[in-house]
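Heads up, the thing below is written out as structure tokens.
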Amino acid sequence: MSKPGMDAKTANDMTTKEQRLAYPSGWLYLCQHESVHLMLDALLQVDPRKEFNKTELAEFAGVSTQSVRRHIGRLVELGIVEETANGRRYHYNLESKTGQLVAELNAEINAIGAGRADEE
């Protein structure tokens, strides 16, 4: 599996995992850092109208404020989070298509039973 612009020798020298990490899909781009997983999970558990700052999100998600500072821009760029108060506060953006889709996917997984994998 090689990507455009990747020479054949480089592609052959890389493991599949290395190729995926070097050229991530949209989902992997979003979730390649554990902090982002935890931030998304936290965001999906609060009222989307509730505003928060980076410190509050870090505390609720159980990650460092440095992690929030590092990744909040990605969530804003994708439309999952929207800036308010001139970029000092944020809220989950259910008005964006991406924000809606992430929330819908989460709801579908919960409806099926996200915890069932633990039972096996």
Side-chain angles (χ1 to χ4, degrees):
M1 168 175 112
S2 67
K3 299 286 182 177
M6 179 191 294
D7 67 33
K9 181 167 176 52
T10 303
N12 290 335
D13 293 339
M14 296 175 80
T15 66
T16 301
K17 181 179 178 180
E18 289 169 334
Q19 289 179 29
R20 287 188 182 282
L21 293 173
Y23 300 94
S25 67
W27 186 254
L28 186 56
Y29 171 77
L30 176 62
C31 293
Q32 63 187 337
H33 302 283
E34 182 181 25
S35 297
V36 177
H37 300 209
L38 296 169
M39 290 166 55
L40 278 172
D41 187 60
L43 290 167
L44 289 164
Q45 293 180 38
V46 298
D47 182 338
R49 295 169 297 199
K50 178 179 173 30
E51 292 186 5
F52 52 86
N53 62 33
K54 293 172 186 169
T55 301
E56 292 166 335
L57 178 57
E59 289 172 1
F60 188 61
V63 300
S64 69
T65 53
Q66 180 181 4
S67 290
V68 172
R69 283 193 307 271
R70 184 180 305 125
H71 302 299
I72 194 79
R74 178 177 304 180
L75 298 177
V76 171
E77 171 191 336
L78 294 171
I80 296 169
V81 170
E82 184 175 45
E83 293 179 330
T84 63
N86 295 321
R88 293 187 311 269
R89 297 194 65 77
Y90 304 87
H91 70 92
Y92 190 89
N93 187 5
L94 274 177
E95 299 298 317
S96 79
K97 184 69 172 170
T98 307
Q100 291 172 13
L101 291 170
V102 170
E104 289 172 14
L105 176 61
N106 185 61
E108 288 294 321
I109 292 169
N110 285 335
I112 292 169
R116 286 202 292 193
D118 295 336
E119 296 170 5
E120 296 176 0

Worksheet item: With sequence neighbours excluded, what pairs up with His33 under the ring pair (Phe, Tyr, Trp, His ring centres under 6.0 Å) test?
Response: His71

Worksheet item: Does a side-chain heavy-atom distance below 4.5 Å link Leu57 with Leu43?
Response: yes

Item to complete: Share the residues that join Leu101 in a hydrophobic cluster, the rule being Ile, Leu, Val, Met, Phe, Trp or Tyr side chains under 4.5 Å apart at the heavy-atom level.
Response: none

Fill in: Of all pairs that satisfy salt bridge (charged side-chain N to carboxylate O under 4.0 Å, His left out), the ones with a partner from residues 57-81, not counting sequence neighbours
none

Discussion item. Taking side-chain contact (heavy atoms from CB on, under 4.5 Å) as the criterion, tell me which of Leu38, Val36, Val63, Thr55 meets it with Val68.
Written reply: Val63

Worksheet entry | Qualifying side-chain hydrogen bond (donor to acceptor under 3.5 Å, both in side chains) pairs, either residue in residues 35-53, two or more places apart | Ser35-Ser67, Asp41-Gln45, Asp47-Arg49, Glu51-Thr84

Item to complete: Kindly write out the residues that satisfy salt bridge (Lys or Arg N to Asp or Glu O under 4.0 Å) with Glu56, not counting sequence neighbours, or none if the list is empty.
Response: Arg89

Worksheet item: Within a strict 4.5 Å, meaning less than it, do heavy atoms of the Ile72 and Tyr90 side chains meet?
Response: yes

Practice prompt. For His91, check ring pair (Phe, Tyr, Trp, His ring centres under 6.0 Å) against everything at least two apart and list the hits.
Written response: none

Worksheet item: What salt bridge (charged side-chain N to carboxylate O under 4.0 Å, His left out) pairs are there with at least one residue in residues 22-39, not counting sequence neighbours?
Response: none

Discussion item. Using side-chain heavy atoms (C-beta onward) and a distance below 4.5 Å, is Leu75 in contact with Leu30?
Written reply: yes

Worksheet item: Is there a path from Leu44 to Val46 through hydrophobic residues (I, L, V, M, F, W, Y) whose side chains come within less than 4.5 Å of each other?
Response: no

Practice prompt. Would you please name every residue forming a salt bridge (Lys or Arg N to Asp or Glu O under 4.0 Å) with Arg88, sequence neighbours left out?
Written response: none

Discussion item. Within a 6.0 Å radius of atom CD on Gln66, are there more than 12 heavy atoms belonging to other residues, nucleotides or ligands?
Written reply: no

Worksheet entry | Minimal non-hydrogen separation, Leu40 against Cys31, with atom names | CD1-SG, 4.3 Å

Item to complete: With sequence neighbours left out, write down each residue that passes side-chain contact (heavy atoms from CB on, under 4.5 Å) with Leu28, or none if nothing qualifies.
Response: Arg20, Leu21, Pro24, Ser25, Gln32

Item to complete: Look only at the side chain of Gln100 and the backbone of Leu94, and say whether a donor-acceptor pair between them is shorter than 3.5 Å.
Response: yes

Worksheet item: According to the ring-ring contact (aromatic ring centres under 6.0 Å, His included) rule, which pairs have a member within residues 48-70, sequence neighbours left out?
Response: none

Worksheet item: Tell me, do Asn106 and Asn110 make a side-chain contact under 4.5 Å, heavy atoms counted?
Response: yes

Practice prompt. Please name all residues satisfying side-chain contact (heavy atoms from CB on, under 4.5 Å) with Glu95, sequence neighbours left out, ordered by chain then number.
Written response: Asn93

